[in-house]
Amino acid sequence: MCRVPVVVLAVSLISTYVFAQSPDLVEVFGGYSYMNPDVSMVAPSVSGWNASANFKVHRRIGIVADFSGFYPSYTYPEGASVSGKTHTFLFGPQVSMTRGRFEPFAHFLVGFTHVTNHPYAGLTFSQFTSSSSYTLAAGGGVDYFFTRRFAIRGQADWLHAGFVPVGGGDPGVHYARNDNVARISTGIVFRF
């Protein structure tokens, strides 16, 4: 049967039509990010960066690649310091609507988070049974466009990471369990 070539041709033509309808195919975001609680359990909360690229397949629908980095550190009262690195790598669909200069959006992202080992009092150890974990994120925000190609963004996300502390128990009285965290980001958006 010749159904497969016909389906491939139809999908190709529809994709070309969809891309032709959207003059701005890519949105790139970069800026400051705040996470509470800290997923690495080093500090109660942590600041870092967030960057993403939205590849539009329709003027209201896009595929997002979202990345963030956090570098927590904490000094205990006795003087010992602990630090670490946390990076998230997330991908998924994003839906947006344009209302004048405002463009609210919502997304659901899937990926993973990687946490490095933390030196504590000169010793390196891991808080978790694995340094990487699957991560789910849901959230959204709003872009305010000053021009057709430049905007500022406010964004809030709920992140769920599946890290398991060593021993599987409570990670300690000073830290909230890190399965569910809030990530708030703000920065600039460029459209191409």
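The shown structure was predicted, so the numbers you read here are calculated from the model rather than taken from an experiment.
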Checklist line | Student check: side-chain heavy atoms of Val46 and Thr86 closer than 4.5 Å | finding: no
Note to self: If hydrophobic clusters are built from ILVMFWY residues whose side chains come within less than 4.5 Å, do Phe67 and Tyr71 share one?
What the structure shows: yes
Check: Do the side-chain N and O atoms of Asn50 and Ser185 include a donor-acceptor pair separated by under 3.5 angstrom?
Finding: yes
Margin query: Can you give me the closest heavy-atom contact between Ser52 and Arg153, atom names plus distance?
Written below: OG-NH1, 3.6 Å
Note to self: Is the ring pair His87/Trp49 parallel, tilted or perpendicular, if the boundaries are 30 and 60 degrees?
What the structure shows: tilted
Item checked: Asp66 and Arg183 ion-paired at < 4.0 Å -> yes
Check: So do Ser68 and Phe70 actually touch side chain to side chain, heavy atoms under 4.5 Å?
Finding: yes
Margin query: Please tell me whether Thr113 and Ser133 have a donor and an acceptor in their side chains that are separated by less than 3.5 angstrom.
Written below: no
Next item on the list: Considering non-hydrogen atoms only, spot the tightest contact between Phe105 and Val142 and give its length.
Entry: CE2-N, 3.6 Å
Notebook entry, point to check: Looking at Phe192 and Val28, what are the two nearest heavy atoms and their distance?
Noted result: CE1-CG2, 3.6 Å
Notebook entry, point to check: Are Tyr144 and Phe102 near enough that their ring centres are under 6.0 Å apart?
Noted result: yes
Checklist line | Spacing of Arg148 atom CZ and Arg191 atom CZ [to the nearest 0.5 Å] | finding: 7.5 Å
Notebook entry, point to check: Between Ala151 and Phe145, which heavy-atom pair has the shortest distance, and what is it?
Noted result: CB-CD2, 3.4 Å
Notebook entry, point to check: Met35 versus Pro72: any side-chain heavy-atom pair under 4.5 Å?
Noted result: no
Next item on the list: Ignoring hydrogens and angles, state whether a donor on the side chain of Ser47 or Tyr32 is under 3.5 Å from an acceptor on the partner side chain.
Entry: yes
Margin query: Let me check something: do Leu25 and Val95 share a hydrophobic cluster, defined by ILVMFWY side-chain heavy atoms less than 4.5 Å apart, either directly or through other members?
Written below: no
Checklist line | Rounded distance [0.5 Å steps], CG in Leu109 versus CG in Asp157 | finding: 6.5 Å
Next item on the list: Kindly give the heavy-atom pair with the smallest separation between Phe108 and Ala138, and that separation in Å.
Entry: CD1-CB, 4.1 Å
Check: Distance from Asn54 atom CG to Glu27 atom CD, nearest 0.5 Å?
Finding: 5.0 Å
Next item on the list: Output the distance between atom CD (Glu103) and atom CZ (Arg59), rounded to the nearest 0.5 Å.
Entry: 11.0 Å
Next item on the list: Look at the rings of Phe190 and Phe150 and say which category their plane angle falls in: under 30° parallel, 30 to 60° tilted, over 60° perpendicular.
Entry: tilted
Notebook entry, point to check: For the atom pair NE2 (His160) and OG1 (Thr135), what is the distance rounded to the nearest 0.5 Å?
Noted result: 8.5 Å
Next item on the list: Begin with the C-alpha distance, continue with both residues' side-chain angles, and end with the deciding distance and a verdict on side chain to side chain contact (heavy atoms under 4.5 Å, CB included) for Phe91 and Ile63.
Entry: CA-CA 7 Å; Phe91 307 89; Ile63 303 298; 5.9 Å; no
Notebook entry, point to check: What do the steps show when you test Val110 against Tyr134 for side chain to side chain contact (heavy atoms under 4.5 Å, CB included), and what is the final call?
Noted result: CA-CA 8 Å; Val110 177; Tyr134 73 90; over 6 Å; no
Check: Which heavy atom of Gly140 sits nearest a heavy atom of His107, and at what distance?
Finding: N-NE2, 4.2 Å
